[in-house]
Amino acid sequence: MTKIDVTDMDLNLLTAFQALMQDRNVTRAGLRLGLSQSSMSHALTRLRKLTGDPLFVRLPGGMEPTPYALQIDTPIREGLALMQAGLNRVTHFDPATTDRTFQLLLSDIGELVYLPQLIVRLSQIAPGANLRVLQLPRESYRDAFIAGNADLAMGFLPSLQAGFYQQRLFDDSYVCLARADHPRVGKRLTLKQFAAESHVLIEPAGSRYSHASAQHSTTSLIERYLASKNMKRRIALRVPHFMVVPSIVQQTDLLAIVPSYVMAYMKPMPGLKTLPLPIDVPRFEVKQFWHERSHQDPANQWLRKVVAELFLQ
DNA sequence: GGAAGTTGCCTCGGGAAACA
DNA sequence: TGTTTCCCGAGGCAACTTCC
């Protein structure tokens, strides 16, 4: 018996074989496949050459399969059925039964704001779904999406504006955070006071070196504004995470600029106060971002819908 | 003799190589 | 890089063969 290399095999020959097994007649098998009788016969000849077996012999009852043909019938039939099912697979996502792990790119502010609501919602409608939060440098977000290591990113991410699908969730503005009993800052903050005080700056990993982030950051906007007034503020502390900021501000005279929506989660924290910025900083858009590769993925579509239902304003 | 399978030859289309 | 030429395989036509 000839050893068959699958790379030599034409898929059409397997369908011809299957048709012959069903009809036991070259003419009818050809009709079934839309081929002439002679084309079917040629196909059978090629199959015979490939397998080294006559496969079908002409007997009074029709074209009877050889023992070898009977032996390979089942694997060929099952293989073709498997391919057919695979090619016609209906992409369907059922949140009630899924055990999929969704990978989110979030800052620690994002974790604080989005995760609790998202987890609660998922436990209600997709109890088997899991979340994995990745805190990566902003400059790595794009690569994480391209590599398939991230499903969704949420936040104010100017570096992801181009080449990504995005949906605006809400607008927000910045406020100034200070300790409640700050010796020099009362209920209002003047520009002169703002520039004179020392500051703690939240500088997420990667944002410092990202051109897009640097161009759009509130920090650079404030620095340019102060420079236009011949003023400059002192950044006494730079931290990569937001979480430590309230505690630091609470125990020092440092000021911090934070998104106003985050303060909704800071209210229970005593010893802090928020003040309007003395500078007219443009509002910013918080969005969800996703890559083209997951745009049509039903699971990803479902997750984006859940996020929009929770946070779209 | 008719039905059905086999085979030689032809056309057509696609891929590879050669060439301007 | 685009065009032409050559080669190969698939499929169809028609003649031939085989079998009942």
Side-chain angles (χ1 to χ4, degrees), chain A residues 1-93 100 103 138-151 153 157-166 206 209-213 215 289-301:
Chain A
M1 189 65 61
T2 308
K3 186 175 181 181
I4 302 170
D5 186 339
V6 74
T7 58
D8 294 333
M9 183 60 72
D10 179 352
L11 188 64
N12 290 319
L13 294 182
L14 298 183
T15 60
F17 174 83
Q18 199 180 34
L20 277 166
M21 283 300 292
Q22 288 175 328
D23 291 313
R24 310 289 168 96
N25 179 290
V26 174
T27 305
R28 285 198 297 275
L31 286 172
R32 179 191 287 271
L33 299 178
L35 297 176
S36 67
Q37 176 272 326
S38 87
S39 293
M40 196 65 202
S41 180
H42 282 306
L44 180 55
T45 301
R46 290 195 293 278
L47 260 175
R48 284 166 169 162
K49 280 182 184 171
L50 268 169
T51 60
D53 187 274
L55 296 175
F56 295 90
V57 291
R58 196 175 174 185
L59 295 175
M63 298 291 277
E64 284 300 313
T66 64
Y68 175 70
L70 291 170
Q71 190 183 334
I72 64 175
D73 175 42
T74 300
I76 287 176
R77 181 159 25 86
E78 291 178 352
L80 288 172
L82 199 62
M83 278 190 277
Q84 189 78 51
L87 289 169
N88 294 321
R89 185 168 59 93
V90 177
T91 51
H92 176 69
F93 176 74
R100 175 163 169 167
Q103 305 195 96
R138 298 281 172 88
E139 66 211 20
S140 302
Y141 276 26
R142 183 176 292 271
D143 290 342
F145 273 114
I146 290 170
N149 295 328
D151 292 298
L157 303 166
S159 59
L160 287 185
Q161 296 293 333
F164 281 83
Y165 289 95
Q166 50 192 273
Y209 307 103
S210 159
H211 177 71
S213 294
Q215 285 291 313
F289 298 83
W290 63 97
H291 193 258
E292 182 181 7
R293 64 182 298 168
S294 55
H295 185 59
Q296 300 291 346
D297 173 33
N300 200 289
Q301 288 176 337

Rounded to whole Å, how long is the line connecting atom [atom1] of [X] with atom [atom2] of [N]?
| X | N | atom1 | atom2 | value |
| --- | --- | --- | --- | --- |
| A:Leu47 | C:dG9 | CG | P | 16 Å |
| A:Arg24 | B:dG5 | CZ | P | 13 Å |
| A:Asp23 | B:dA4 | CG | P | 12 Å |
| A:Leu44 | C:dG11 | CG | C1' | 15 Å |
| A:Asn25 | B:dG2 | CG | C1' | 15 Å |

Provide the closest heavy-atom pair for [X] versus [Y] in the form atom of the first, atom of the second, distance.
| X | Y | value |
| --- | --- | --- |
| A:Leu13 | A:Leu47 | O-CD1, 3.3 Å |
| A:Ser41 | A:Val26 | N-CG1, 3.9 Å |
| A:Phe289 | A:Gln166 | CD2-CB, 3.7 Å |
| A:Met40 | A:Ala29 | CE-CB, 3.8 Å |

List, with names and distances, any nitrogen or oxygen atoms from the protein found under 3.5 Å away from nitrogen or oxygen atoms belonging to nucleotides 17-20 of chain C.
{"residue": "C:dT18", "atom": "O2", "partner": "A:Arg58", "partner atom": "NH1", "Å": "3.4"}
{"residue": "C:dT18", "atom": "O2", "partner": "A:Arg58", "partner atom": "NH2", "Å": "3.1"}

Enumerate all atom pairs, one protein N or O and one N or O from nucleotides 7-11 of chain B, separated by less than 3.5 Å.
{"residue": "B:dG8", "atom": "O6", "partner": "A:His42", "partner atom": "NE2", "Å": "3.1"}

Got a sec, which pairs hit salt bridge (charged side-chain N to carboxylate O under 4.0 Å, His left out) with one end in residues 61-74 of chain A, sequence neighbours left out?
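Pairs touching residues 61-74 of chain A that pass the test: A:Arg24-A:Glu64, A:Asp73-A:Arg77.
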Suppose we screen for side chain to side chain donor-acceptor pair (under 3.5 Å). Which residues come up paired with A:Asn25, at least two apart in sequence or across chains?
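Result, side chain to side chain donor-acceptor pair (under 3.5 Å) vs A:Asn25: none returned.
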Under 4.0 Å between a side-chain N/O of A:Thr27 and OP1 or OP2 of B:dA3, yes or no?
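Indeed not, no polar side-chain atom of A:Thr27 lies that close.
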For A:Met63, report the nucleic acid contact type (base, sugar-phosphate, nothing); a contact means any heavy atom under 4.0 Å.
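Sugar-phosphate only.
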Can you list the residues that meet the side chain to side chain contact (heavy atoms under 4.5 Å, CB included) rule with A:Ala150, with sequence neighbours excluded?
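Scan of A:Ala150 (side chain to side chain contact (heavy atoms under 4.5 Å, CB included), adjacent residues dropped) gives A:Leu105, A:Ala144, A:Phe145.
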With A:Phe17, which residues qualify under ring pair (Phe, Tyr, Trp, His ring centres under 6.0 Å), at least two apart?
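Ring pair (Phe, Tyr, Trp, His ring centres under 6.0 Å) list for A:Phe17, sorted by chain: A:Phe56.
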